[in-house]
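The next block holds one structure in the form of structure tokens; read it before the comments.
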Amino acid sequence: MDSFFTSVPLLQRLLQDGLYACGPTHPARKGYPEVLRPRNVGKLSQGEFYQCQRGNLVATVTRDVKVINCLSTNSAPGIVGISPGKQQSDTEGGGDSDSGDSSGFGLPRPLPVLLYQENMRGVDLCDQLRECYLVGRPCKKWWRYFLWFYINLCIVDAYIIQRESRGGTPPTGFNGKQFTQRHFRVRLAQQLIGDYQGARGMERAARKRHADSPIEYGHRLERMSERSRRCRNCTNKGLRHESVFGCKICNVHLCRGGCFSEFHK
């Protein structure tokens with residue numbers, strides 16, 4: 001996980017549930033060891049690191065390009081990995097060397113940092129999938145941010161589970177070559193909406209159902225209110241007429257002329 005979520009209480013709670021975790025954190029977070037804070041550690045040289053352990057929770061501070069503070073429950077302290085060095089060109093003083101490129105030595109790094117860097121690709125891929133078709137809007141209120149974050153995360157998880165459970169084959173009824181996340185979200189929206197038609201759709205369905213005998217179902221032209229409103233039938237034809245009469249069953253205002261019968265046909 002990234003530094004936004006990583007904290008001592010969270011990793012302890014996840015460990016109680018049998019889940020190991022690792023991620024960078026801010027040194028000012030509550031519960032982070034006091035001896036590893038910047039004012040106590042001082043300036044670190046590249047590759048230098050310090051660690052503290054409490055139970056299975058390990059706190060690490062090291063310096064690579066910049067200072068990194070890390071919390072982990074998936075590695076023991078003191079285990080060091082060697083990161084491969086980068087190829088560097090020796091062109092000091094403006095002159096070209098005879099050997100061209102020379103290999104740099106690897107830097108010693110604590111295992112929690114190496115594990116995080118190796119597996120962070122999964123988090124980056126999750127963020128990429130989550131941000132393709134975001135549901136909701138950005139908001140400064142944290143509870144709304146978490147709400148939309150978890151909704152989008154659940155959609156991504158459902159898409160991954162559906163894809164992995166079928167071995168990459170598209171679901172039944174899909175005629176395309178590749179079933180992408182966009183296709184999954186469209187099908188999900190259609191399933192969630194179902195046969196819901198909204199207020200206008202219910203109104204049209206009621207008119208269609210009662211079109212044969214409107215009087216039998218209680219549809220009659222009567223006074224709706226003291227204030228005149230736009231006639232729905234005229235509005236549908238692009239005209240502007242107002243009336244105080246209408247149909248209370250359909251809850252629409254209609255002119256006293258032929259709009260009542262025309263609207264119910």
Side-chain angles (χ1 to χ4, degrees), residues 1-26 29-32 55-60 68-75 81 111-205:
M1 64 187 75
D2 57 25
S3 59
F4 181 83
F5 299 100
T6 311
S7 64
V8 172
L10 176 61
L11 264 67
Q12 290 176 336
R13 176 57 188 272
L14 291 176
L15 188 60
Q16 292 176 2
D17 296 336
L19 298 174
Y20 298 96
C22 178
T25 186
H26 196 278
R29 287 278 174 88
K30 183 179 180 180
Y32 193 78
N56 283 354
L57 181 63
V58 177
T60 305
I68 301 174
N69 296 273
C70 181
L71 291 172
S72 62
T73 55
N74 61 350
S75 59
L111 188 57
V113 177
L114 283 178
L115 291 175
Y116 170 76
Q117 293 174 342
E118 289 176 359
N119 297 282
M120 189 59 186
R121 179 182 176 275
V123 180
D124 295 336
L125 181 60
C126 176
D127 292 339
Q128 181 182 3
L129 292 172
R130 183 174 54 86
E131 294 177 1
C132 286
Y133 308 97
L134 282 177
V135 177
R137 295 182 179 181
C139 183
K140 294 183 179 180
K141 294 184 178 180
W142 289 111
W143 69 269
R144 289 187 178 179
Y145 170 82
F146 278 118
L147 172 65
W148 293 121
F149 175 84
Y150 285 123
I151 289 177
N152 286 287
L153 193 63
C154 288
I155 296 176
V156 171
D157 287 345
Y159 166 68
I160 294 176
I161 292 174
Q162 193 268 351
R163 182 185 61 187
E164 296 298 326
S165 63
R166 301 185 63 87
T169 59
T172 306
F174 180 72
N175 299 324
K177 295 182 179 179
Q178 185 177 5
F179 188 74
T180 63
Q181 185 185 183
R182 182 177 67 86
H183 298 118
F184 175 80
R185 286 179 176 261
V186 170
R187 290 173 67 118
L188 176 63
Q190 292 173 347
Q191 293 175 4
L192 292 175
I193 294 172
D195 57 353
Y196 178 73
Q197 301 175 346
R200 290 292 181 88
M202 295 175 64
E203 178 184 312
R204 288 193 297 267

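Please read all numbers here as calculations on a predicted model, not as lab measurements.
Taking 4.5 Å as the limit, every side-chain heavy atom of C70 sits out of range of all side-chain heavy atoms of V58. At least one side-chain heavy atom of V156 sits less than 4.5 Å from a side-chain heavy atom of Q181.
What you find for L71 and A59 is that their closest heavy atoms are CD2-CB, 3.7 Å. Closest non-hydrogen pair, K30 versus P9, comes out as O-CD, 4.2 Å. Heavy-atom minimum distance, S75 versus L111: CB-CD2, 3.9 Å. Considering every non-hydrogen atom in both Y116 and G23, the closest pair reads CD1-CA, 3.9 Å. The minimum heavy-atom distance linking N69 with Y32 is given by the pair OD1-OH, 3.0 Å. Pairing each heavy atom of Q162 with each of F179, the nearest pair is OE1-CE2, 3.6 Å.
Here CG of D127 is found 7.0 Å from CZ of F149. Values are rounded to the nearest 0.5 Å. Going from atom CZ of F146 over to atom NZ of K141 covers 15.5 Å, rounded to the nearest 0.5 Å. Within the model, atoms CG of L11 and SG of C22 stand 8.0 Å from one another, a figure rounded to the nearest 0.5 Å. Going from atom CZ of R13 over to atom CG of L19 covers 10.5 Å, rounded to the nearest 0.5 Å.
Using cut-offs of 30° and 60° on the angle between ring planes, the pair Y145 and W142 is perpendicular.
Here the rule is side-chain hydrogen bond (donor to acceptor under 3.5 Å, both in side chains) with T180, and of R182, H183, Q178 only H183 fits it. When the options L14, L10, L15, V8 are evaluated for a side-chain contact (heavy atoms from CB on, under 4.5 Å) with Q12, the one that passes is V8.
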List the steps, then state whether side-chain contact (heavy atoms from CB on, under 4.5 Å) holds for L153 with C126.
CA-CA 8 Å; L153 193 63; C126 176; 3.4 Å; yes
I'd like to know whether Y159 forms a side-chain contact (heavy atoms from CB on, under 4.5 Å) with R185, so could you lay out the CA-CA distance, the side-chain angles of the two residues, the decisive distance to 0.1 Å, and finally the verdict.
CA-CA 8 Å; Y159 166 68; R185 286 179 176 261; over 6 Å; no
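Residue-environment remark: OH (Y20) stays at or below the threshold of 12 foreign heavy atoms within 6.0 Å. The environment of R166 atom CZ is dense: over 12 non-hydrogen atoms of other residues, nucleotides or ligands sit within 6.0 angstrom.
Under the 3.5 Å distance criterion, with hydrogens and angles disregarded, no donor-acceptor pair is assigned to the side chains of R187 and Q191.
The backbone N or O of T73 lies less than 3.5 Å from no partner atom in the side chain of N56, so there is not a single donor-acceptor pair. Judged by distance alone, with hydrogens and angles left aside, the side-chain atoms of S3 form no donor-acceptor pair with the main-chain N or O of H26 at under 3.5 Å. The backbone N or O of T6 lies less than 3.5 Å from a partner atom in the side chain of T25, making a donor-acceptor pair.
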